[in-house]
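Here's the structure we're looking at; comments come further down.
In each ligand, atom 1 is the first atom listed, and ligand 1 is the first ligand listed.
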Amino acid sequence: MSSASQSRPWDVHRLPPAVGRVFLVTGGNAGIGYFAAEQLAATGAVVVLGSRDRAKADAAMTSIRSRVPGAQVRHLQLDLADLSSLKTAVDRLDLDHLDAVVHNAGVALDDPPRRETADGHELMFGTNHLGHFALTQWLAPLLSAAPAGRIVTVGSFAARSEQLDLDDLQSTQDYRPKRTYGRSKLAQMYFGFELDRRLRAAGSTVLSVVAHPGGALDSLTPSRTPVGVTNTPGERLRALPSALLVQGKDAGAWPVVRAVLDPEVQGGQLWGPRVLGLRGKPRREPIPSHMADPTIAARLWAVSAELTGTDPHLGFR
Ligand SMILES: NC(=O)c1ccc[n+]([C@@H]2O[C@H](COP(=O)([O-])OP(=O)(O)OC[C@H]3O[C@@H](n4cnc5c(N)ncnc54)[C@H](OP(=O)(O)O)[C@@H]3O)[C@@H](O)[C@H]2O)c1
């Protein structure tokens with residue numbers, strides 16, 4: 001199941017070198033995406049931070065360079081809430097291949113009112129799911145040009161208890177922020193597993209994997225002042241009880257990083273934290289049965305293709 005049986009156990013603090021490889025992390029300027037980028041940069045890979053805000057990306061790159069001598073980090077201007085901008089963004093990458101993309105960027109609203117992207121899609125479904133769905137089509141040729149490209153979709157524990165409403169994917173009839181968020185993450189997970197089925201059927205060398213961070217709080221995260229995380233020793237002490245259940249965003253990045261790097265990881269797998277799926281070292285998880293339903297996944301795919309005017313499947317060879 002994992003690399004442990006065949007080689008040394010996976011060590012989140014001793015990652016395999018990845019010199020010469022190129023990874024894109026969406027939302028790499030903050031949170032889990034930032035820590036995934038920092039950890040991946042330490043492997044010697046080129047890491048591209050997909051971020052809608054240049055100043056935040058600059059701060060993140062400065063932070064990574066200060067911690068990882070010789071880090072090769074770049075910024076890509078990327079706004080997942082603006083579907084029409086995504087092809088141009090990928091063209092600006094100016095790469096001949098991409099070894100992995102981490103679909104990490106996400107928006108989670110706690111309160112009403114319902115909000116929409118510039119394209120008129122509900123903001124969480126539109127950004128988290130539709131944005132990454134469309135981005136995948138434009139990245140497909142670069143991922144196919146890599147020896148073994150990977151798409152790592154970041155799902156969520158919050159998706160476990162949700163069901164999609166295929167007649168109200170955009171929550172126009174009944175908007176409840178937490179539920180709409182959980183459903184947007186569920187849509188992403190359906191996408192990750194369906195993409196794996198389609199890539200296999202097409203005989204592609206590209207893998208699609210789903211990973212989730214468990215519960216990851218800023219208050220349990222080591223300080224990275226340039227990216228807006230500063231926890232004093234007192235604050236860290238007060239946050240300690242939550243560490244029984246959840247973890248910091250540095251640890252939240254571990255399953256994602258393993259899904260990018262571990263040669264033993266296979267397409268269609270789900271990776272998450274070891275302890276109750278909420279915290280700890282990364283391990284492979286069983287896929288909840290409702291997320292493996294290919295009929296719902298295919299219907300979601302068809303609607304997503306119609307809403308975005310893209311079909312990621314067409315980009316892979
Ligand atoms: N934290 C958790 O406990 C948890 C649990 C389960 C799953 N997750 C998932 O893990 C991922 C990262 O979560 P996090 O806690 O690290 O969140 P976070 O700290 O809020 O960071 C979210 C990132 O997404 C970016 N983003 C938001 N909208 C975007 C857009 N339209 N275009 C491009 N980038 C955009 C943000 O950029 P700005 O800085 O410009 O806003 C930021 O870089 C998300 O997919 C989330 O659903 C998190």
Side-chain angles (χ1 to χ4, degrees), residues 24-39 48-61 63 75-86 89 101-110 115-119 121-132 134-135 152-162 177-178 180-189 191-192 210-221 224 226-229 242-243 245-257 259 270-273 276-279 285:
L24 167 63
V25 182
T26 71
N29 62 277
I32 293 159
Y34 167 82
F35 281 96
E38 185 184 289
Q39 290 163 28
V48 185
L49 310 187
S51 170
R52 55 186 169 175
D53 186 319
R54 161 150 294 279
K56 287 185 184 177
D58 282 344
M61 291 190 294
S63 178
H75 170 226
L76 175 70
Q77 186 70 35
L78 184 73
D79 184 354
L80 289 158
D82 181 0
L83 295 176
S84 65
S85 70
L86 297 180
V101 57
V102 179
H103 288 339
N104 160 79
V107 53
L109 302 180
D110 290 328
R115 291 169 53 190
E116 293 188 347
T117 66
D119 305 305
H121 303 300
E122 187 284 320
L123 186 65
M124 293 182 273
F125 180 72
T127 306
N128 304 354
H129 172 61
L130 294 180
H132 284 120
L135 180 65
V152 177
T153 297
V154 179
S156 173
F157 198 81
R160 284 181 172 271
S161 50
E162 295 295 343
K178 282 203 167 55
T180 297
Y181 168 74
R183 288 179 173 184
S184 77
K185 300 307 293 180
L186 179 57
Q188 286 191 266
M189 295 171 89
F191 164 72
V210 179
H212 76 93
L217 303 182
D218 280 326
S219 55
L220 292 171
T221 302
R224 295 289 187 274
V227 296
V229 185
S242 0
L245 203 57
V246 293
Q247 56 192 352
K249 293 195 175 180
D250 53 329
W254 291 342
V256 172
V257 168
L270 173 63
W271 288 77
L276 303 172
L278 286 173
R279 68 174 171 86
E285 284 184 9

message: Looking only at protein heavy atoms, which one is nearest to atom 40 (O) of ligand 1, and what is the separation?
response: R52 NE, 2.9 Å
query: Is a donor on one side and an acceptor on the other found under 3.5 Å between the side chain of H75 and the backbone of S51?
result: yes
task: Answer yes or no: is there a side-chain heavy-atom contact under 4.5 Å between K249 and Y34?
output: no
query: Of all heavy-atom pairs between A81 and T127, which one has the smallest distance, and what is that distance?
result: CB-OG1, 3.8 Å
- prompt: Have T26 and H132 got a donor and an acceptor in their side chains that come within less than 3.5 Å?
  reply: yes
field: Under-4.0 Å heavy-atom contact with ligand 1, by part of K56 that carries it
entry: side chain
task: May I ask you to check if ligand 1 and G50 share an N or O to N or O distance below 3.5 Å?
output: no
task: Begin with the C-alpha distance, continue with both residues' side-chain angles, and end with the deciding distance and a verdict on side-chain contact (heavy atoms from CB on, under 4.5 Å) for N29 and D53.
output: CA-CA 8 Å; N29 62 277; D53 186 319; 5.6 Å; no
task: Examine ligand 1 and decide if any of its atoms is less than 4.0 Å from a heavy atom belonging to G131.
output: no
query: Counting heavy atoms only, which of I32, T117, D53, V246 comes nearest to atom 48 (C) of ligand 1?
result: I32
message: Give me the atom names and distance for the closest heavy-atom approach of M124 to A108.
response: SD-CA, 3.9 Å
query: Are D82 and R52 side-chain neighbours, meaning at least one heavy-atom pair lies under 4.5 Å?
result: no
- request: Determine whether any heavy atom of N104 lies closer than 4.0 Å to an atom of ligand 1.
  value: yes
message: With heavy-atom distances below 4.5 Å as the criterion, would you say the side chains of E38 and R224 are in contact?
response: yes
- prompt: Looking at L78, which atoms of ligand 1 are within less than 4.0 Å of one of its heavy atoms?
  reply: 32 (N), 33 (C)
- prompt: Is any N or O atom of A216, backbone or side chain, closer than 3.5 Å to an N or O atom of ligand 1?
  reply: yes
- prompt: Using a heavy-atom cut-off of under 4.0 Å, does the side chain or the backbone of Y181 touch ligand 1, or both, or neither?
  reply: side chain
- prompt: Are the charged groups of E122 and R183 less than 4.0 angstrom apart, N to O?
  reply: no
- prompt: Would you say G33 has any N or O atom under 3.5 Å from an N or O of ligand 1, going by distance alone?
  reply: no
query: Tell me: protein heavy atom nearest atom 9 (C) of ligand 1, and distance?
result: V154 CG1, 3.9 Å
- prompt: Quick one: are I32 and V154 in side-chain contact, heavy atoms under 4.5 Å?
  reply: no
- request: Look at atom 5 (C) of ligand 1 and say which protein heavy atom is nearest, naming residue and atom and giving the distance to 0.1 Å.
  value: G214 O, 3.2 Å
- prompt: For the residue pair L278 and Q247, what are the closest heavy atoms and their distance?
  reply: O-NE2, 3.6 Å
query: Which is it for A81 and ligand 1 at heavy atoms under 4.0 Å: side chain, backbone, both or neither?
result: both
- prompt: What residue and atom, counting heavy atoms only, is the protein's closest point to atom 32 (N) of ligand 1, and at what distance?
  reply: L80 N, 3.0 Å
- request: Please verify whether a non-hydrogen atom of H212 lies at under 4.0 Å from ligand 1.
  value: no
field: Option of least heavy-atom distance to atom 37 (O) of ligand 1 (set: L123, L217, N29)
entry: N29
message: With heavy-atom distances below 4.0 Å as the criterion, list the atoms of ligand 1 near G155.
response: 7 (C)
- prompt: Does P213 reach ligand 1, in the sense of a heavy atom lying below 4.0 Å from it?
  reply: yes
- prompt: Would you say G106 and ligand 1 have an N/O pair spaced under 3.5 Å apart?
  reply: yes
field: atom 42 (C) of ligand 1 - nearest protein heavy atom and its distance
entry: A30 CB, 4.0 Å
query: Mind checking whether V107 and L123 have side chains closer than 4.5 Å, heavy atoms only?
result: yes
task: Looking only at distances, please establish whether an N/O atom of ligand 1 is found under 3.5 Å from an N/O atom of F157.
output: no
- request: Indicate yes or no: at least one non-hydrogen side-chain atom of L135 is less than 4.5 angstrom from one of L78.
  value: yes
query: Taking the inter-plane angle between the rings of H129 and F191 on a 0 to 90° scale, is it parallel (under 30°), tilted (30 to 60°) or perpendicular (over 60°)?
result: perpendicular
- request: Mark up the atoms of ligand 1 that fall under 4.0 Å of a heavy atom belonging to G215, in ascending order.
  value: 3 (O)
- prompt: Heavy atom under 4.0 Å from ligand 1: found in D79's side chain, backbone, both, or neither?
  reply: both
query: Closest non-hydrogen protein atom to atom 14 (P) of ligand 1, residue and atom name please, with distance?
result: K249 NZ, 3.6 Å
message: Would you say that H103 contacts V152 through its side chain, given a criterion of any heavy-atom pair below 4.5 Å between the two side chains?
response: no
- line: With heavy atoms and a 4.0 Å threshold, my read on which part of D82 contacts ligand 1 is neither
- prompt: Any idea which protein heavy atom is nearest atom 26 (N) of ligand 1, and the distance to it?
  reply: A105 CB, 3.9 Å
- prompt: Which residue owns the protein heavy atom closest to atom 6 (C) of ligand 1, what's the atom, and how far is it?
  reply: S156 OG, 3.2 Å
Non-hydrogen side-chain atoms of N128 and Y181 separated by less than 4.5 Å: yes
query: Does atom 20 (O) of ligand 1 have any protein heavy atom closer than 4.0 Å?
result: no
